[in-house]
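Report on one structure; see the data block that follows.
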Amino acid sequence: MIRKISAAFTGGAIGGFVDSFNIWAMGKSGISDLIALSMKPDFSAPWLYQRMVWGGIWMLLLLLPLWEKRVMLRGALFSLVPSAMMLFMVLPSMGQGMLGLGFGTVTPLVVVGLNMIYGMVASAWYQAAAVRGEGAT
């Protein structure tokens with residue numbers, strides 16, 4: 001069980017890093033400007049650390065015995081939980097309105113889309129480290 005908990009948290013942390021890099025890269029490369037998204041975070045250690053830790057915590061959802069054979073679908077579906085938290089609680093509390101529309105009308109699509117990538121990365125890591133690794137000593 002410790003292997004599974006560790007794999008779920010680590011997968012979520014790695015997914016959180018990928019998600020953070022993606023949103024930062026969108027801002028740096030000008031993609032955010034092209035799609036009228038004003039969310040352009042600075043890539044700093046405190047910002048990244050918080051996102052990786054929360055990413056790990058959220059992906060403890062991978063411990064639930066649901067859709068175990070459908071790795072990518074599982075990650076994508078579980079990512080909807082932190083997406084909902086961002087869109088309905090975090091972004092509004094930052095003064096960006098419901099769904100974070102203060103950052104732009106495309107915000108909900110970006111949040112859900114990038115979080116799906118995060119969830120799929122986390123789920124793939126979990127599958128490789130916990131499920132396939134069960135036979136390893």
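Owing to the predicted nature of the structure, the values given are computational and were not obtained by experimental measurement. Heavy-atom basis, side chains included; hydrogens, waters and symmetry copies ignored.
Residues in residues 84-119 take part in no ring pair (Phe, Tyr, Trp, His ring centres under 6.0 Å) pair, two or more places apart or across chains.
Considering only heavy atoms from C-beta on, V111 stays 4.5 Å or farther from I23 through its side chain. Between I35 and L109, every side-chain heavy-atom pair lies at or beyond the 4.5 Å cut-off. Contact of the K4 side chain with the L62 side chain is not registered, since no non-hydrogen atoms from C-beta on lie closer than 4.5 Å.
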Using the side chain to side chain contact (heavy atoms under 4.5 Å, CB included) rule, take T105 and L99 through it: C-alpha gap first, then chi angles, then the decisive distance, then the call. CA-CA 9 Å; T105 56; L99 302 176; over 6 Å; no
Evaluate the side chain to side chain contact (heavy atoms under 4.5 Å, CB included) criterion for residues L60 and I5: first the C-alpha distance (whole Å), next the side-chain angles of each, then the deciding distance (0.1 Å), finally the verdict. CA-CA 7 Å; L60 292 176; I5 293 168; 4.2 Å; yes
Apply side-chain hydrogen bond (donor to acceptor under 3.5 Å, both in side chains) to N115 and S79, showing your working. CA-CA 6 Å; N115 276 356; S79 77; over 6 Å; no
Run R51 and S20 through side-chain hydrogen bond (donor to acceptor under 3.5 Å, both in side chains) and show every step you take. CA-CA 7 Å; R51 293 174 54 87; S20 300; 2.7 Å; yes
Mind listing the side-chain donor-acceptor pairs of residues 9-18 below 3.5 Å, one per line with the distance, residues two or more places apart or on another chain?
unit_1: T10; atom_1: OG1; unit_2: S6; atom_2: O; d: 2.8

Tabulate below the donor-acceptor pairs under 3.5 Å that side-chain atoms of residues 63-71 make, not counting sequence neighbours, or state none.
none

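Put simply, OG on S32 and CH2 on W24 are 11.5 Å apart, with the number rounded to the nearest 0.5 Å. In this structure, the separation between CE on M86 and CG on L114 is 10.5 Å, given to the nearest 0.5 Å. Atom CG of L37 is separated from atom CE of M26 by 5.5 Å, given to the nearest 0.5 angstrom.
Heavy atoms of other residues, nucleotides or ligands lying less than 6.0 angstrom from CG of L34 number more than 12.
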